[in-house]
J.: 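Can you keep this structure in mind? I'll have questions shortly.
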Amino acid sequence: MPSTPSASSHDTPPENQRPGRNFIQQLIDADLAAGRYGGRVHTRFPPEPNGYLHIGHAKSICLNAGLAREYGGRFNLRFDDTNPAKEEQEYVDSIQEDIRWLGADWEDRLFFASDYFDQLYEWAVQLIQAGRAYVCDLDAEAMREHRGTLTEPGRACCYRERSVEENLDLFARMKAGEFADGTRTLRAKIDMASPNLNLRDPVMYRIKRAHHHRTGDTWCIYPSYDFTHGQCDSLEGITHSICTLEFENHRPLYDWFCDALGIHHPQQIEFARLNLSYTVMSKRKLLQLVTENHVSGWDDPRLLTLRGLRRRGYTATSIRAFCERIGVAKQYSVIDMAWLEDAIREDLNAHAPRAMGVLRPLKVVLTNLPADAERICQAANHPQQPDMGTREVPLTREIYIEQSDFLEDAPKKFFRLKPGGAVRLRSAGIIECGEMIKNAAGEVTEVHCTFDPDLTRKVKGTIHWVSARHAISAEVRLYDHLFAAENPDQTAEGGTFLDNLNPHSLEVLTTAKLEPSLGQVASGAHYQFERTGYFYVDPVDSQPGQPVFNRTATLRDSWAKAK
Ligand code: ATP
Ligand code: MG
């Protein structure tokens with residue numbers, strides 16, 4: 001047995017130099033080595049409840065929960081619910097369900113930014129008292145004008161020098177509902193000339209009469225995200241506040257608030273958000289796809305929402321493996337969708353029972369079998385896992401094979417069924433091609449073959465099949481990328497991402513013929529249909545005895561050589 005280095009062994013590299021560590025682990029290792037935060041690691045996932053979670057969120061969840069697990073630390077779930085106009089209980093519920101499904105556990109640490117509204121209000125008052133916040137009467141337009149640009153400093157407005165007393169009075173009256181929406185804000189008094197625009201007196205509170213899904217109508221002023229996020233992390237004792245790169249410029253502001261209030265300082269660490277080819281990830285665009293019926297709902301199997309992926313047949317294991325494999329980086333990049341498909345293939349290849357299903361049937365008559373013949377063939381449920389057992393598959397005089405497994409004018413290298421050729425029927429025997437029956441258009445509608453049960457005979461090709469008499473008819477849904485362009489946001493002048501929708505992203509097959517064992521399947525079960533892909537029993541549209549199968553992924557390699 002190889003020896004595992006013990007923690008005390010002198011040749012164990014110091015924690016902060018362990019090889020193969022990503023930059024976040026290295027930063028945390030260094031913090032631990034320096035005794036920062038008393039050796040604690042506490043992370044969180046902070047979704048805004050204004051949409052459903054997608055694969056990008058999964059990356060953040062796996063990262064944060066994974067770090068907590070790795071370091072024996074803690075992981076919180078906190079909803080950043082500071083924008084009541086766009087947030088709903090429906091999203092709060094679905095987000096929790098999706099995170100649980102993914103396997104991340106926040107234990108009893110479920111929080112809401114709105115839990116801290118009283119505390120945030122007190123802190124705002126404290127900053128006013130310290131002369132570090134003021135009530136501003138500029139409207140949004142004027143505020144933008146005063147703010148300056150990246151190349152020009154901003155300008156102070158006349159309200160910046162209001163007295164502490166006046167600010168306290170006005171802020172209390174904002175809270176009491178004396179002023180109309182949008183007429184006043186509370187702003188941090190930082191630096192109107194800062195090169196970082198986020199520090200040019202950012203808004204801390206705005207007046208907005210909106211019903212909040214948790215606090216109801218208690219408040220008519222709401223804290224801004226920037227005045228909320230860092231302090232929530234601080235209140236929860238978060239040590240490493242991991243977020244995406246667009247918040248890098250906000251870090252000095254969060255630090256300013258924590259310093260000004262004299263409260264615990266989490267370390268913010270930014271990483272590049274996940275982008276995948278052939279898809280969009282912005283919640284606004286996902287919402288548009290759903291509300292304009294370009295997809296069937298948030299769980300449409302073509303969407304990379306966690307519900308969509310789940311309904312497509314993706315497992316939580318495969319998504320975690322994908323997130324692990326793509327790692328974290330500081331550089332922006334686009335991950336090829338093939339990585340995701342590889343992850344699910346790997347998982348299902350190991351676990352999904354095999355079965356036979358003919359997606360586009362062509363009738364084959366085995367002319368040397370009597371009409372009432374029924375041969376029982378034993379088929380292995382998994383080629384590498386004998387303990388998954390075998391099942392009986394009936395063979396009869398009339399069977400279906402895949403249309404694409406027969407070619408009348410076949411090239412030499414075509415090792416499936418062709419005139420004068422022979423092919424193996426998986427688990428049954430060999431068939432030799434005889435007469436072809438054609439319709440008026442000259443298309444082959446039926447092939448007559450002779451059957452040879454000799455399982456030891458060698459032929460080059462093996463195909464799947466089902467008995468016509470026993471076959472169950474099922475709806476099978478095949479999916480392709482939702483967008484035809486690798487980057488859907490790249491459009492012609494004046495176009496939108498919708499122009500890049502792939503018109504062939506969904507193909508519904510209603511004439512598929514499946515082996516009889518697939519008639520009684522559990523909703524949510526996974527199968528590999530030999531040679532055609534991994535399929536998932538759709539939990540929404542399947543009826544008892546009438547399953548609907550969603551293709552999760554195609555097979556990378558066919559088992560053409562398998563027996
Ligand atoms: P929007 O699409 O409106 O920008 P969002 O996706 O950032 O919103 P949030 O609810 O704020 O939505 O996200 C919660 C957390 O998930 C944040 O910490 C954010 O950094 C992270 N996150 C969101 N999208 C991705 C992504 N594509 N890759 C990695 N992390 C992401
Ligand atoms: Mg966000």
Side-chain angles (χ1 to χ4, degrees), residues 22-24 42-68 75-88 90-96 98-99 102 104 106 110-114 213 224-226 228-230 232-233 236 238 240-251 254 266-290 298 303-306 308-309 319-320 322-335 337 339-340 487-489 497:
N22 66 44
F23 78 97
I24 298 181
H42 200 155
T43 60
R44 84 290 174 264
F45 176 64
E48 187 181 348
N50 63 352
Y52 285 78
L53 297 184
H54 54 59
I55 186 75
H57 295 117
K59 174 172 177 171
S60 175
I61 295 163
C62 291
L63 177 62
N64 281 292
L67 288 168
F75 166 74
N76 288 9
L77 170 59
R78 181 180 64 245
F79 287 97
D80 261 320
D81 56 349
T82 52
N83 186 2
K86 287 192 178 162
E87 295 160 2
E88 286 171 34
E90 175 196 344
Y91 298 132
V92 171
D93 296 338
S94 76
I95 287 171
Q96 291 185 59
D98 286 350
I99 300 176
L102 200 55
W106 59 88
L110 167 63
F111 300 109
F112 293 83
S114 54
H213 66 106
S224 65
Y225 181 83
D226 278 343
T228 307
H229 190 77
C232 290
D233 280 347
E236 292 174 12
I238 301 302
H240 298 86
S241 173
I242 298 165
C243 62
T244 43
L245 284 176
E246 66 272 25
F247 291 101
E248 200 161 15
N249 285 335
H250 295 240
R251 179 166 15 117
Y254 301 157
Q267 174 63 53
Q268 178 170 304
I269 305 172
E270 305 89 8
F271 70 100
R273 60 172 48 224
L274 168 67
N275 290 292
L276 274 171
S277 54
Y278 298 102
T279 193
V280 293
M281 219 103 78
S282 123
K283 282 194 260 191
R284 185 182 58 75
K285 288 178 189 153
L286 290 173
L287 183 67
Q288 193 179 351
L289 288 169
V290 172
W298 286 101
L303 288 180
L304 296 197
T305 51
L306 292 187
L309 285 163
I319 294 176
R320 289 195 303 264
F322 165 75
C323 293
E324 175 72 28
R325 241 166 255 174
I326 57 172
V328 286
K330 274 274 187 193
Q331 278 94 9
Y332 171 90
S333 71
V334 180
I335 303 285
M337 191 81 101
W339 285 82
L340 191 57
N487 175 4
D489 288 319
F497 73 108

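In listed order, ligands and their atoms are each counted from 1.
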J.: Can you list the atoms of ligand 1 that are under 4.0 Å from a heavy atom of Pro46?
T.: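 Close to Pro46: 14 (C), 18 (O).
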J.: Nearest 0.5 Å, please: how far is CZ in Phe271 from CG in Leu63?
T.: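 Separation between the atoms: 5.5 Å.
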J.: Is there a polar contact between ligand 1 and Phe271, counting only N or O atoms under 3.5 Å apart?
T.: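 Min N/O separation from ligand 1 is not below 3.5 Å for Phe271.
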J.: Which is closest to atom 14 (C) of ligand 1 by heavy-atom distance: Pro49, Ser241, Pro47?
T.: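 Checking each option, the heavy atom nearest atom 14 (C) of ligand 1 is found in Pro47.
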J.: What's the shortest heavy-atom distance between Phe75 and Ala68, and which atoms?
T.: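 Scanning both residues completely, I find the closest heavy atoms to be CB-CB, 3.8 Å.
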J.: Of all heavy-atom pairs between Phe247 and Gln268, which one has the smallest distance, and what is that distance?
T.: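 Heavy-atom minimum between the residues: O-NE2, 3.0 Å.
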J.: Evaluate the side-chain proximity of Val92 to Glu87: yes if any heavy-atom separation is below 4.5 Å, no if none is.
T.: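 No, their side chains stay 4.5 Å or more apart.
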J.: Do any nitrogen or oxygen atoms of Arg273 lie less than 3.5 angstrom from nitrogen or oxygen atoms of ligand 1?
T.: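 There is such a contact, yes.
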J.: Output the list of atoms in ligand 1 that are nearer than 4.0 Å to some heavy atom of Glu48, sorted by atom number.
T.: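 It comes down to these atoms of ligand 1: 9 (P), 10 (O).
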J.: Compare every heavy atom of Ile238 with every heavy atom of Thr43, then report the nearest pair and how far apart it is.
T.: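 Reported closest heavy-atom pair: O-CD1, 3.7 Å.
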J.: Side chain, backbone, both or neither: which part of Phe247 comes within less than 4.0 Å of ligand 1 when only heavy atoms are counted?
T.: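 Looking at Phe247 and ligand 1, no heavy atom falls under 4.0 Å.
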J.: So is there a nitrogen or oxygen of Lys283 less than 3.5 Å from a nitrogen or oxygen in ligand 1?
T.: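 Yes - when backbone and side-chain N and O of Lys283 are compared with those of ligand 1, one distance drops under 3.5 Å.
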J.: Less than 3.5 Å apart, any donor N or O on the side chain of Glu246 or Thr244 sitting next to an acceptor on the other?
T.: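 Yes, side-chain donor-acceptor contact under 3.5 Å.
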J.: Record the part of His54 in heavy-atom contact with ligand 1 below 4.0 Å; permitted values are side chain, backbone, both and neither.
T.: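 Under 4.0 Å from ligand 1, His54 contributes side-chain atoms alone.
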J.: Look at the aromatic rings of Phe79 and Phe112 and report parallel, tilted or perpendicular, splitting at 30° and 60°.
T.: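 Parallel, since the angle between the ring planes stays under 30°.
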J.: If you count the atoms of ligand 1 from 1 in the order shown, which ones are under 4.0 Å from a heavy atom of Thr244?
T.: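 Counting atoms of ligand 1 from 1, those under 4.0 Å from Thr244 are 20 (O), 29 (C), 30 (N), 31 (C).
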